Amino acid sequence: MKIAIVCYPTFGGSGVVATELGIALADRGHEIHFITYKQPVRLGLLSNKIYFHEVHVPEYPLFHYQPYELALSSKLVDTIKLYGIELLHVHYAIPHAYAGYMAKKILEEEGIHVPMITTLHGTDITLVGNHPFYKPAVTFSINKSDIVTSVSENLKTSTLELFDIKKEIKVIPNFINKEKYKVDFTDCQRSLMANDDERIITHISNFRKVKRIPDVIKIFHKINKELPAKLILVGEGPEKENAELLCEELGILNRVVFLGNSNEIDKILCFSDLFLLPSQTESFGLAALEAMINKVPVISTNSGGLQEVNKNGVTGYLSNVGDVDEMAKNALHILSDENVLEKFKENAYKTALNFDILNILPLYEAIYENAYNTRLNNSYS
Ligand code: GMT
């Protein structure tokens with residue numbers, strides 16, 4: 001099948017999921033066309049099955065805001081016609097579902113019927129899409145999608161609570177590719193980061209407020225009082241500067257490594273002992289799953305869809321948002337005993353295998369087929 005994928009090209013979870021899905025679909029023989037404003041960060045070399053089409057937004061001084069949706073819709077129309085694309089899959093509702101629907105309608109005028117799948121990722125529903133200034137347009141474009149998927153049961157429930165949704169929402173969880181994470185521990189360059197007697201604790205995110213970075217640092221501070229440890233912070237975002245200030249204030253700057261964005265998180269997770277994700281909310285928590293496939297237990301909050309990924313007392317522990325004391329206590333329980341740590345590591349890995357792409361890809365392929373076969377029925381709605 002010829003499939004166009006619209007996503008954010010950045011390090012955010014929705015872009016990562018969209019890119020990895022496209023790569024896996026291409027491996028299965030589909031022809032994939034990524035349409036976005038920059039080459040997706042997880043997309044390596046292009047192949048004869050993977051194309052990238054850049055959306056350009058010409059600047060004009062009259063515009064206070066440059067019309068990205070308009071440029072995206074036009075790019076979709078042109079690309080779909082040029083390559084005979086049969087299906088459109090948009091990741092993150094804002095503004096992709098809106099622009100996708102417009103493209104679909106323009107194409108229908110020319111007798112071209114392309115079904116649109118919209119995948120909801122989290123903040124497009126819980127933080128941004130829910131804002132009154134966006135809500136009518138987001139509700140409309142979700143309802144006008146041919147098929148709507150959500151990355152967790154919890155996100156589906158929130159979507160139905162927050163919006164007036166007439167469409168069925170199918171849950172297709174996020175995934176990892178276990179083949180990509182076959183690094184042997186002996187290949188890990190642990191000694192670059194910490195001494196042998198130090199535990200390595202990691203956090204990876206886009207450093208937005210929702211990630212509660214101060215909690216990451218406070219939990220680490222409490223752990224570090226009890227046992228020698230290093231904190232590795234991976235990612236860039238608005239909260240990074242405050243994070244550095246807090247580390248300085250607590251006198252732990254020399255125990256914390258700020259690594260910035262990385263395309264080699266597997267190499268970092270390979271030598272990590274524990275992953276911290278104390279988010280305010282997380283529709284799924286892809287970063288936690290990526291930790292788990294690297295045998296890293298997770299200390300997280302119990303908010304959003306995290307409970308669907310991190311299993312309390314098995315792959316790590318879950319606490320109420322802001323309960324840094326309990327999170328530090330649970331972290332110490334895991335880190336203080338080699339046998340306990342090993343058990344959690346093994347459990348984390350085994351649980352992550354349930355989310356292997358080989359289990360998830362057929363679910364997407366089935367909805368693509370269904371959407372394609374029923375495309376004419378839905379075109380006039
Ligand atoms: O804030 C982020 O983590 C980025 C955001 C996104 O939409 O790119 O992530 C959301 O989608 C991910 C992939 O489906 C989920 O794993 C994250 O849990 C979700 N983030 C939130 O709900 C805060």
Side-chain angles (χ1 to χ4, degrees), residues 5-22 24 34 36-38 40-43 89-97 117-131 134 138 142 148-159 161-162 169-177 203-213 215-216 233-240 261-262 265 275-293 298 300-310 318 321 352 355 357 360 363-364:
I5 294 183
V6 177
C7 64
Y8 284 103
T10 53
F11 281 93
S14 63
V16 169
V17 169
T19 311
E20 297 288 356
L21 177 63
F34 286 100
T36 178
Y37 59 83
K38 214 174 67 194
V41 289
R42 285 265 180 119
L43 195 61
H89 189 170
V90 303
H91 289 261
Y92 205 89
I94 308 167
H96 299 152
I117 319 284
T118 298
T119 292
L120 310 174
H121 278 273
T123 47
D124 47 351
I125 295 299
T126 51
L127 285 181
V128 194
N130 190 25
H131 193 287
Y134 293 129
V138 174
I142 294 174
V148 182
T149 75
S150 140
V151 299
S152 67
E153 287 291 343
N154 181 273
L155 182 61
K156 174 180 173 176
T157 308
S158 302
T159 310
E161 274 167 16
L162 295 168
I169 301 178
K170 292 181 199 295
V171 175
I172 303 187
N174 285 335
F175 52 82
I176 32 84
N177 182 346
H203 169 81
I204 303 174
S205 77
N206 50 25
F207 282 64
R208 302 227 168 95
K209 268 229 148 34
V210 69
K211 303 293 173 183
R212 295 184 67 98
I213 304 297
D215 285 4
V216 172
L233 293 172
V234 185
E236 297 285 350
E239 291 294 298
K240 197 169 163 189
N261 282 330
S262 171
I265 56 157
F275 190 77
L276 300 181
L277 196 59
S279 307
Q280 183 72 32
T281 184
E282 220 36 91
S283 68
F284 182 89
L286 184 65
L289 182 61
E290 290 184 324
M292 286 159 59
I293 197 67
V298 176
S300 72
T301 50
N302 51 19
S303 70
L306 279 166
Q307 302 178 50
E308 293 169 47
V309 183
N310 188 19
L318 300 94
V321 174
F355 296 91
I357 190 147
I360 308 298
L363 306 177
Y364 276 116

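What's counted below: heavy atoms across the whole structure, side chains too, no hydrogens, waters or symmetry copies. One-based numbering, in listed order, for ligands and for the atoms of each. Not measured: the values here are computed from a predicted model.
- Among residue pairs with one or both ends in residues 5-16, none qualify as salt bridge (Lys or Arg N to Asp or Glu O under 4.0 Å); sequence neighbours excluded.
- No donor-acceptor contact under 3.5 angstrom links the side chains of Ser152 and Ser283, judged on distance only.
- With sequence neighbours excluded, the residues that form a ring pair (Phe, Tyr, Trp, His ring centres under 6.0 Å) with Tyr8 are Tyr92, His96.
- Annotation for Phe207 and Val234: closest pair CE1-O, 3.4 Å, computed over non-hydrogen atoms.
- Taking a 6.0 Å sphere around OH of Tyr134, one finds it holds 12 or fewer heavy atoms contributed by other residues, nucleotides or ligands.
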What does the N/O contact table under 3.5 Å look like for ligand 1?
unit_1, atom_1, unit_2, atom_2, d
ligand 1, 1 (O), Asn206, ND2, 3.0
ligand 1, 3 (O), Lys211, NZ, 2.8
ligand 1, 8 (O), Gly13, N, 3.2
ligand 1, 8 (O), Ser14, N, 2.9
ligand 1, 8 (O), Ser14, OG, 3.0
ligand 1, 11 (O), His121, O, 3.2
ligand 1, 14 (O), His121, ND1, 2.7
ligand 1, 14 (O), Asn174, ND2, 2.8
ligand 1, 16 (O), Gly285, N, 3.2
ligand 1, 16 (O), Leu286, N, 3.0
ligand 1, 18 (O), Glu282, OE2, 2.6
ligand 1, 18 (O), Ser283, N, 3.2
ligand 1, 18 (O), Ser283, OG, 3.4
ligand 1, 18 (O), Phe284, N, 3.1
ligand 1, 18 (O), Gly285, N, 3.0
ligand 1, 20 (N), Glu282, OE2, 3.2
ligand 1, 22 (O), Ser283, N, 2.8

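- Scored by the ring pair (Phe, Tyr, Trp, His ring centres under 6.0 Å) test, Phe275 finds no partners at all (sequence neighbours excluded).
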